[in-house]
Amino acid sequence: MIAIDQLRRDPDTVRKALDSRGEPDSVAEILELDAAWRHDRTQADEIRNQRNQVNRDIGHARSSGQPPSPEVIEEMRSLGRKVDELEASAQKAEEQIHEMLLGLPNLPLSDVPVGADTDSNRIYRTEGAPTELGFEGLPHWDLAERLGIIDFQRGAKLSGSRFYTTIGAGARLERALISWMLDLHTSQHGYTELALPAVVRRDVMEGSGNLPKFADNLYHDEEDDLWLIPTAEVPITNLYRDEIIPPGQLPLYYVAQTPCFRREKAAAGRDTRGIKRVHQFNKVEMYQFVEPDSSADQLERLLGHAEEICRQLGFSWRVLELCTGDMGFAAAKTYDIEVWAAGCQEWLEVSSCSNCTDFQARRANIRYRPEQGGRPQFPHTLNGSGLALPRVIIAILENNQQPDGSVIIPEVLRPYTGFDRIHAP
RNA sequence: GGAGAGAUGGCUGAGUGGACGAAAGCACCGGUCUCGAAAACCGGAGUACGGGCAACUGUACCGUGGGUUCGAAUCCCACUCUCUCCGCCA
């Protein structure tokens with residue numbers, strides 16, 4: 001959520017930032033409501049003050065045995081009605097303002113490339129180069145089916161299209177990846193591991209920015225009004241909801257593996273083969289609560305943590321700096337990591353690392369106290385996949401496939417898989 | 001699913017409808033004392049929003065939302081959550 005203060009103080013900057021994201025300009029409308037709200041609020045407060053004073057007098061008089069006169073009571077009554085009116089009007093304005101602010105995306109940082117679509121994304125760096133297999137490689141869907149480690153048919157039988165089932169070495173490979181990633185981030189990068197609910201309440205989705213705007217992409221249980229998380233970012237953001245984090249605790253680093261559920265309505269018909277885009281997948285997510293001053297540097301570090309996974313798995317990858325029009329709703333700056341997949345010959349997005357500045361903290365009312373006795377402030381939050389499992393599996397299968405149809409397991413995973421190769425049938 | 005109890009400041013915990021933003025204790029911060037510390041004593045500490053250049057000041061907040069009243073932490077209604085016991089269950 002954007003601060004109303006900033007809108008009052010510097011509407012033009014906000015306007016410009018929103019425009020760079022292709023957002024319609026609602027700044028003037030919000031400011032108008034805000035002026036009306038302040039007017040009503042001030043008036044109501046003044047009348048209340050008056051009423052409180054008289055009421056105090058009534059109290060004093062009564063305790064010395066003097067009941068108030070009917071005239072005074074009647075006057076107080078009418079003041080009460082007036083306050084009610086002003087309050088109702090102020091509350092209405094407040095609700096409208098809140099709703100409009102909730103609908104606004106975060107403001108991009110000044111160094112983010114401006115542009116409307118993916119064409120304006122900037123390549124930040126590239127590590128390694130697209131590799132050739134030197135023989136006719138298979139895309140992962142053929143490869144995995146032939147190896148008997150993914151069953152698409154039966155996945156769909158259970159839950160419909162875009163669901164799948166992994167079997168044997170495939171299931172083991174995924175579990176190994178999860179364990180290895182969590183171990184790396186906790187032991188080398190300073191993260192604390194979390195195990196989280198995969199289903200959350202409505203207000204939690206609002207805190208992270210997924211609701212009300214993106215209900216379309218979420219699975220929802222009507223009966224209990226519970227929502228399936230599209231990423232661990234959602235519950236982690238809300239861990240400290242409505243809290244003031246005491247001095248000395250930031251930065252907080254968390255990592256969690258959760259299933260992620262996405263309806264992918266907007267992507268209907270796209271990437272329908274294989275496991276590149278599915279309704280349920282596992283993801284290891286890194287998350288940070290940090291002091292505002294440090295968030296820019298922390299984003300670089302976070303990105304490095306995700307890249308370390310790519311490095312140790314032997315991938316070639318590139319980092320994109322997303323342009324204003326391509327960033328997610330809550331992000332002020334985002335890097336995407338794409339790894340090369342030699343079978344389908346394309347770059348696959350395996351991680352998205354974002355600095356959300358104070359956007360989520362405001363929405364979820366998460367604050368921290370910089371020092372003993374200091375005023376509470378909004379921390380900055382960052383999140384990054386480290387990494388999303390299906391596409392990592394795609395890359396491993398496709399890049400490490402051998403002419404005989406087998407797949408070699410990256411060295412770092414072998415202690416976790418217990419095998420060094422998935423053999424062809 | 002059934003029965004009961006509860007929700008008050010960072011924590012514990014008082015609070016006959018009127019002096020209650022709220023006793024007391026703990027924790028915390030500052031000071032006195034001390035070579036230093038502990039103890040003791042004195043003092044200070046909530047959050048949000050409005051107004052003001054500021055000192056400051058006003059309002060709201062006792063789980064949430066309504067209601068009664070001139071006035072609600074206190075009375076009434078609904079909801080949410082927590083805890084205990086019973087049942088069921090991985």
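In what follows, chains carry the letters A, B, and so on, assigned in the order in which the sequence lines appear, proteins first and then strands, with residues in each chain numbered from 1.
Contact annotation: N49(A) reaches the phosphate of U59(B) (side-chain N/O to OP1 or OP2, under 4.0 Å). Contact annotation: R8(A) side-chain N/O to G50(B) OP1/OP2 distance is under 4.0 Å. Phosphate proximity of U59(B) to N52(A): present, with a side-chain N or O under 4.0 Å from OP1 or OP2. Using a 4.0 Å cut-off, some side-chain N or O of R201(A) falls inside it from OP1 or OP2 of C81(B). In this structure, R51(A) does not reach the C70(B) phosphate: none of its side-chain N or O atoms is under 4.0 Å from OP1 or OP2. Between R367(A) and A48(B) there is a side-chain N or O to OP1 or OP2 distance below 4.0 Å.
Once the 5.5 Å centre distance and the 30° plane angle are applied, the aromatic ring of H60(A) is found not to be stacked with the base of G18(B).
Classification of A60(B) as anti follows from a glycosidic angle more than 90° from 0.
The separation between Q43(A) atom CD and A60(B) atom P is 16 Å, rounded to whole Å. Following rounding to the nearest Å, R38(A) (CZ) and G58(B) (C1') show an atom-to-atom distance of 16 Å. Straight-line distance from the CZ atom of R48(A) to the P atom of G21(B): 13 Å, rounded to whole Å. In this structure, the CZ atom of R362(A) is 12 Å from the P atom of A48(B), given to the nearest Å. Put simply, CD1 on I244(A) is 10 Å from C1' on G10(B), counting in whole angstrom units. Atom CG in D40(A) sits roughly 12 Å away from atom C1' in G50(B) (whole-Å rounding). As a whole-Å value, the separation of L79(A) CG from U59(B) C1' is 15 Å.
Ring centroids of Y191(A) and H305(A) are separated by less than 6.0 Å, placing the two rings close together. Remark: aromatic rings of Y240(A) and F289(A) are close, center separation under 6.0 Å. Ring-centre distance between F359(A) and F329(A): below the 6.0 Å cut-off.
Note on D12(A) versus R15(A): salt bridge recorded, some NZ/NE/NH1/NH2 to OD/OE distance being below 4.0 Å. D111(A) and K333(A) are joined by a salt bridge, as a carboxylate oxygen and a charged side-chain nitrogen come within less than 4.0 angstrom of each other.
Looking at heavy-atom distances under 4.0 Å, P246(A) makes no contact with the nucleic acid at all. Here R369(A) lies in heavy-atom contact (under 4.0 Å) with sugar-phosphate atoms only.
Distance check on atom P: G71(B) versus G18(B) gives 14 Å, rounded to whole Å. Nucleotides A27(B) and A45(B) are separated by 12 Å at their C1' atoms, to the nearest Å.
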